[in-house]
Amino acid sequence: MNDELKEIIKEFNQEEPNIQLKISNRPDLCDYQYDGIFAIAKKNQQNPYDLGCKIVTKLQENFKCLNKFSKIECVRPGFINFTLSDEYINELLNKMLKSSKFNITMPIKETIVIDYGGANIAKPLHVGHLRPAIVGESIKRLLIYMNQKVISDVHLGDYGLQIGQVIYGLLKENISTNEITIELLIDLYPKISSLCKENEQIKAECSSITKQLQDGHKLYQEYFRKLLEISKEDIKKLYDYLGVNFDLWLGESDSYKYIPELTKALENQDLLENSNGAKVIYIAEEKDKNEIPPLIYQTSNQAFLYSTTDLATIYQRKKDYNPNKILYVADSRQNLHFTQVFRVSKKLEKTKDIDLEFLGFGTINGPDGKPFKTRSGNTPKLEELFKETKDIYLKINDIKEDYSVKDLDIIVNSIIKYADLQNNREKGYVFDIDKFSSSIGKTGPYILYTFLRTQKIIKNNQTYIDKLSKTIYNGHDRNLRMKLLELDEIINYAFKMRMPSIIANYLYDICVLMNAFYENNHINNLKDINIKKDWITLLDLTTRIIKTLLDILVIDIPSKM
Ligand code: ARG
């Protein structure tokens, strides 16, 4: 339709107009709307309503394609409203039915490295680890669905000061490498961390251990390898529980071997400058509203920092995968860090062609708006959170039946993930277990219930699945069909914005319409075979779309609820 409209509009406006039909925000009046008339009318000093009427008349005279629409009209003050014909709606839906990926327009294929998860070893895992894992995994699945070549990397924080601190603590308490356990680390890290805050000398000692470790100190390396092994196991357990998978389990430490090469490249381009003994890279630009401080590449006592490892990692990824893009899913508070790293990477000949995107996320808060805590205690350990969610789900929904452990885990996952992913990732949100565990409202369980409900109907009526006829039977029916037609636009928008929330919200809309359809149209008692065929086919498409979107949101399907 855009093409036909474009041709007509060109007659009235010499410049190439940007013709975009928008999905109507008044679905009771029309399906699509064109609101570009005002700009053209203003330029031509015309009345927008008159101009709109002229264009509509022309469209109707000139184009046979108008059988796509049951109505086109201009309404005051100058919008053009389009209503699709039932026949055309079904033609489009039939195309979706036939295609393996619902006839979605695919973007060009690129090689994309996605860096998410990013847990720090030797530190306890807590609620703050959920978002980078869930949001990252969902974006990764979306990229893969959209035919991108994707390489995912967990990029563990494994060479920072916390390692020096933990090694310091272990040595002070005479703990040998064989005696290290995850429980021990969980206790140890907070102790040493607060010691360092109080005592400058201890802090300096920990820094020095970190530095020596980075330089290859034998004993420290031994401790480091053990810490890495034990932490990784613990981190993997969490990611497994969440269904989060990585192609690469690399970390900061793996980038170290690229630092000498990187340093040479930076030196060759005269990018490294001396500042009180430290090596820095100046990156401020004239247009900056806030001052962007130089990136510290190496401190005056020769240590490399978080930024250095991130730059070396870009270097490494370029060599290994030659990606078009690298995406970073990390806490929004790291914005400055990534601005610095990206600017240097853009200056560097070797890496300047890679598009770098920082996909920041906000924090998870409790109902009081402060960082989230479980009811039972102060440190929100993840296992406790999962258990609490499970208990609340069973209680709130008054469930007495026996659920398998697997099904319950899937449901807990759906609660936590849907609570998270329905929010614009850039914003923080309030995690309210009671609210998100309910099977009523905008929750994971509600979506899963809806899915299981439609799936059951389909299972009992497999033989009716066919292609859709030209007919639509009533308003609930039409609403659901129209919603499904939005899939292409929605998923492409979510892809472009890297925003799983766009998909989560759309999925909820589908479920609401599906339930309204189901409650108002009694499929099981239908006598008319033609209607039954159409409706079962429609529900088949609906369930397949719901399943696809759930998978992008990292939510599995339980066997029952
Ligand atoms: N380990 C980091 C942290 O805990 C997150 C890593 C993000 N990725 C990166 N390439 N810097 O904050």
Side-chain angles (χ1 to χ4, degrees), residues 112-137 139-140 150-166 185-186 189-190 193 210 214 224 227-228 231-232 234-236 238-239 244 246-256 258-259 262 295-297 304-321 323 325-346 348 351 354-364 371 382 425-426 428 498:
I112 303 181
V113 172
I114 177 165
D115 172 321
Y116 66 100
N120 297 321
I121 72 159
K123 280 190 189 181
L125 290 171
H126 55 82
V127 72
H129 288 90
L130 288 174
R131 279 207 110 175
I134 296 172
V135 173
E137 178 72 18
I139 296 175
K140 179 190 78 179
V150 179
I151 299 124
S152 55
D153 182 8
V154 64
H155 200 76
L156 295 174
D158 64 1
Y159 239 28
L161 184 62
Q162 88 269 21
I163 314 292
Q165 291 175 330
V166 171
L185 291 178
I186 289 172
Y189 174 74
S193 164
T210 311
Q214 294 172 354
F224 164 70
L227 289 173
L228 187 61
S231 282
K232 244 191 200 171
D234 191 44
I235 293 168
K236 270 198 172 135
L238 167 69
Y239 291 151
V244 170
F246 299 93
D247 298 317
L248 305 174
W249 274 81
L250 299 178
E252 293 163 358
S253 66
D254 294 289
S255 72
Y256 262 70
Y258 293 87
I259 291 182
L262 171 66
L295 177 143
I296 302 176
Y297 186 75
F304 296 114
L305 304 176
Y306 184 42
S307 308
T308 324
T309 54
D310 257 330
L311 281 172
T313 304
I314 297 176
Y315 204 83
Q316 169 186 8
R317 288 172 179 162
K318 171 76 189 174
K319 276 195 136 174
D320 292 348
Y321 305 103
K325 293 191 163 69
I326 304 178
L327 274 42
Y328 296 84
V329 182
D331 192 310
S332 295
R333 287 167 293 190
Q334 295 194 21
N335 196 345
L336 177 62
H337 163 77
F338 284 106
T339 304
Q340 292 178 309
V341 170
F342 291 1
R343 283 192 182 182
V344 174
S345 175
K346 283 280 163 202
L348 198 63
T351 56
I354 309 174
D355 287 333
L356 303 163
E357 291 179 34
F358 171 53
L359 310 177
F361 57 78
T363 49
I364 303 182
L382 283 171
R425 63 169 158 75
E426 286 170 343
R498 324 293 194 206

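Note that ligands are numbered from 1 as they come in the structure, with each ligand's atoms numbered from 1 the same way. The figures that follow rest on heavy atoms only: side chains count, while hydrogens, waters and symmetry mates do not.
- Judged by distance alone, with hydrogens and angles left aside, the side-chain atoms of T351 form a donor-acceptor pair with the main-chain N or O of S345 at under 3.5 Å.
- Sequence neighbours left out, the pairs with a member in residues 113-124 that pass salt bridge (charged side-chain N to carboxylate O under 4.0 Å, His left out) are D115-R317.
- Counted by atom type alone, Q214 and Y159 present zero donor-acceptor pairs between their side chains at under 3.5 Å.
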Sub-3.5 Å pairs, protein N or O with ligand 1 N or O:
residue, atom, partner, partner atom, Å
ligand 1, 1 (N), G118, O, 2.8
ligand 1, 1 (N), N120, OD1, 2.8
ligand 1, 4 (O), N120, OD1, 3.4
ligand 1, 4 (O), N120, ND2, 2.9
ligand 1, 8 (N), D115, OD1, 3.1
ligand 1, 10 (N), D115, OD2, 2.8
ligand 1, 10 (N), D310, OD1, 2.8
ligand 1, 11 (N), Y306, OH, 2.7
ligand 1, 11 (N), D310, OD1, 3.4
ligand 1, 11 (N), D310, OD2, 2.8
ligand 1, 12 (O), Q334, NE2, 2.6

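- Looking at S255 and T309, their side chains never bring a donor and an acceptor atom within 3.5 Å of each other.
- Judged as a side chain to side chain contact (heavy atoms under 4.5 Å, CB included), and not counting sequence neighbours, the contacts of L185 are V166, I180, I182, L227, I230, S231.
- Contacts of E357 classified as side chain to side chain contact (heavy atoms under 4.5 Å, CB included), with partners at least two apart in sequence or in another chain: K325, L327, L359, R498.
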